[in-house]
Amino acid sequence: MGGILGSTLWLTAGNLANRSLGLLYRLLLARLLDPARLGLFQLAMSLYFSLLTPVVAGLPDAVARVTARSAGHPLLPRVIARTATLAVLGVAVPALVLLGTGWTPPGPGWDEARRAVPLALFLPAVALAAASAVLRGQFLGDGRAAWIVVAQLVEQLVRVGALFLAVRPGFVLPWSPLGFLVGLLVAGEAVGFLATALAHQAVRAPATRPRPTAPDAAASATPRGPAADGPPRLGEVLGLAAPATVERILLSAGRLVEATLVPTRLVQVGLTLDQALAVYGELGSLAAPLLLLPTVFSGALAAAIVPAVAQAETDPARLRQQVRRAVAVALHLGVLAAVLFHREGATLAALLFPGAVGGDYPGAGHLIHWVAPAALLLYTDQVAAAVMRGLGRPLEPMLVDLTSAAVRVAVIAGGIRPAMDPEAAVRVVCLSLVADVAVAGCGNLACALWRTGTRPDLVGWIVLPACAGVAALGILDGVGPLLGAALPGRLLTWTAAALAVAAIAWVAAAPARPGRPPVRA
């Protein structure tokens with residue numbers, strides 16, 4: 001349990017630091033690009049992640065599991081090396097075919113992205129990222145999560161530092177801004193791979209047993225303990241990674257369809273291509289990252305609930321108690337985040353998109369207001385999916401995620417009509433994100449409750465979160481005017497609201513009190 005706790009703490013700290021640096025990166029990105037070019041960059045990055053995500057999503061967890069099971073086995077380094085080679089080939093060959101031929105999905109936005117963004121530079125970036133993902137999976141399996149954190153932080157610092165220099169007054173970029181950003185992506189992946197590879201070389205020698213040379217080498221090569229059921233094999237890694245890989249391939253296809261549909265549909269209702277790209281850029285680079293910011297906490301909660309569920313699987317009462325409490329905390333976090341984005345969305349938009357507020361496209365600077373309801377179930381979705389992973393049932397979350405992605409695409413495809421009002425069309429795009437999260441959250445929560453036999457807690461999951469939302473709004477409306485609209489006053493007001501929500505969440509997540517023993521006659 002100590003190893004799990006240590007890895008969780010390291011990953012939580014790294015996640016917090018990476019999210020903070022990621023937010024700073026997006027803030028600087030908004031200074032470098034106008035909303036239209038930011039939309040083009042988002043389109044290009046959707047292609048990049050569609051090439052990379054299928055490999056990165058499945059292999060690291062599979063490598064971590066095989067490493068933990070076969071720690072110290074003499075065949076493990078060979079399996080890791082073969083896995084890394086296969087991962088690089090698995091992303092490099094498709095990327096070479098697609099990027100080398102200049103292929104992109106059809107649509108006016110993609111035509112512009114092909115001309116403005118050097119997509120061919122994605123090839124070395126995806127290859128380096130795939131190799132790094134495999135090595136990081138081995139670190140996670142060895143319980144060396146600190147190395148993962150260090151490599152990710154170094155990679156983020158390089159990107160943020162270079163981008164900070166690029167936006168300074170008087171600095172002249174040697175390339176176009178979009179070309180500079182793609183080059184910066186390659187540089188960050190190269191630095192991250194170098195840091196991971198150096199760390200791997202440093203720890204490989206003490207972590208690997210020497211090959212046996214005695215006549216009984218075959219017998220001594222068989223590991224003891226967790227790996228007693230056979231040596232590590234490449235087929236085992238691929239078998240473990242297959243479900244996540246299939247899921248991510250389908251989800252990546254859905255992402256490309258969405259990236260094609262949004263500009264195309266918005267152009268059909270009367271927006272210019274630059275306006276449509278600006279909508280997509282603001283939604284992907286401001287609204288979605290802000291919604292994901294509280295996952296610094298909910299992600300740590302989800303990481304902690306996986307081993308807790310696995311350990312409590314044989315104790316149904318304890319398992320149901322843990323599920324009830326984790327869901328209660330996630331729902332209260334969602335209420336606080338929804339209130340924050342609804343009330344302070346314009347301020348956050350002005351901070352990150354100084355040129356977007358008052359722009360010439362519908363909803364400029366206010367899309368975070370329209371997607372704020374998604375926060376109500378986003379973090380519960382994380383926790384519920386983690387419960388299913390802890391139970392060893394990844395199939396249900398995969399089906400739920402695919403369904404929610406299909407709903408998101410269907411809302412965009414069917415909800416936007418050519419004669420529609422442009423602002424209503426932009427609202428439909430935002431509604432698609434809310435519908436995606438709602439379907440995923442409700443679906444994964446229903447599966448978790450069904451598999452664990454947990455009954456819905458109407459008080460802890462509905463009544464108390466509603467009270468928390470009312471309390472937060474009451475504090476904002478009652479105390480906010482007294483403390484003033486300046487930054488110190490707003491911070492104090494939001495601190496008071498957060499404390500009120502935390503207190504109500506503590507009550508909702510409190511363990512059930514044991515019944516009083518009967519009085520003896």
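We count residues from 1, following the sequence as given.
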Would you give me the side-chain donor-acceptor pairs under 3.5 Å for residues 105-125, sequence neighbours excluded?
| residue | atom | partner | partner atom | Å |
| --- | --- | --- | --- | --- |
| Trp110 | NE1 | Thr260 | OG1 | 2.8 |
| Asp111 | OD1 | Arg114 | NH1 | 3.3 |
| Glu112 | OE1 | Arg115 | NH2 | 2.8 |
| Arg114 | NE | Gly102 | O | 3.0 |
| Arg114 | NE | Thr104 | OG1 | 3.2 |
| Arg114 | NH2 | Thr104 | OG1 | 2.3 |

Closest approach of Leu43 to Ala259 (non-hydrogen atoms, all atoms of both residues): CD2-O, 3.2 Å

Approximate separation, where rounding is to 0.5 Å, of Leu40 CG and Leu277 CG: 5.0 Å

Value rounded to 0.5 Å, distance of CD in Glu155 from OG in Ser132: 7.0 Å

Minimum heavy-atom distance Val126-Val91, with the two atoms named: O-CG2, 3.5 Å

Minimum heavy-atom distance Val269-Arg417, with the two atoms named: CG1-O, 3.1 Å

Worked verdict on Ile368 versus Val371 for side-chain contact (heavy atoms from CB on, under 4.5 Å): CA-CA 5 Å; Ile368 184 61; Val371 301; 4.0 Å; yes

Heavy-atom side-chain contact between Trp175 and Val182 under 4.5 Å: no

Straight-line distance of Tyr361 OH to Leu367 CG, nearest 0.5 Å: 6.0 Å

Any side-chain heavy-atom pair of Met398 and Leu402 under 4.5 Å: yes

Leu38 side, atom CG; Leu33 side, atom CG - distance, nearest 0.5 Å: 5.5 Å

Derivation and outcome, side-chain contact (heavy atoms from CB on, under 4.5 Å), residues Val79 and Val63: CA-CA 9 Å; Val79 172; Val63 170; over 6 Å; no

Side chain to side chain, Cys442 and Leu377, heavy atoms closer than 4.5 Å: yes

Residue that, paired with Trp370, satisfies side chain to side chain contact (heavy atoms under 4.5 Å, CB included) out of Leu431, Leu283, Val426: Val426

Shortest non-hydrogen contact from Ala337 toward Ala375: CB-CB, 3.9 Å

Residue pair Gln268 / Arg265, side-chain donor-acceptor N/O under 3.5 Å: yes

Exam field: side chain Gln275 to backbone Thr272, donor-acceptor pair closer than 3.5 Å: yes

Within-4.5 Å side-chain heavy-atom neighbours: Ile416 and Val262: no

Steps toward side-chain contact (heavy atoms from CB on, under 4.5 Å) verdict (Met420, Val428): CA-CA 10 Å; Met420 200 172 190; Val428 170; 3.6 Å; yes

Tyr379 side chain near Pro294 side chain, heavy-atom distance below 4.5 Å: yes

Min side-chain heavy-atom separation Asp401-Asn444 under 4.5 Å: yes

Test log, rule side-chain contact (heavy atoms from CB on, under 4.5 Å), inputs Asp381 and Leu445: CA-CA 7 Å; Asp381 173 38; Leu445 181 58; over 6 Å; no

Non-hydrogen atoms of Arg159 and Leu184 that approach each other most closely: O-CD2, 3.5 Å

Gap between atom CD1 of Ile80 and atom OG1 of Thr85 - 0.5 Å precision: 11.0 Å

Closest heavy-atom pair and its distance - Pro397, Met388: CG-CB, 3.5 Å

Heavy-atom side-chain proximity of Ser46 to Tyr280 below 4.5 angstrom: yes

Side-chain (His342) to main-chain (Leu340) donor-acceptor, under 3.5 angstrom: no

Value rounded to 0.5 Å, distance of CG in Leu251 from OG in Ser404: 7.5 Å

Close side-chain approach of Tyr25 to Leu29, heavy-atom, < 4.5 Å: yes

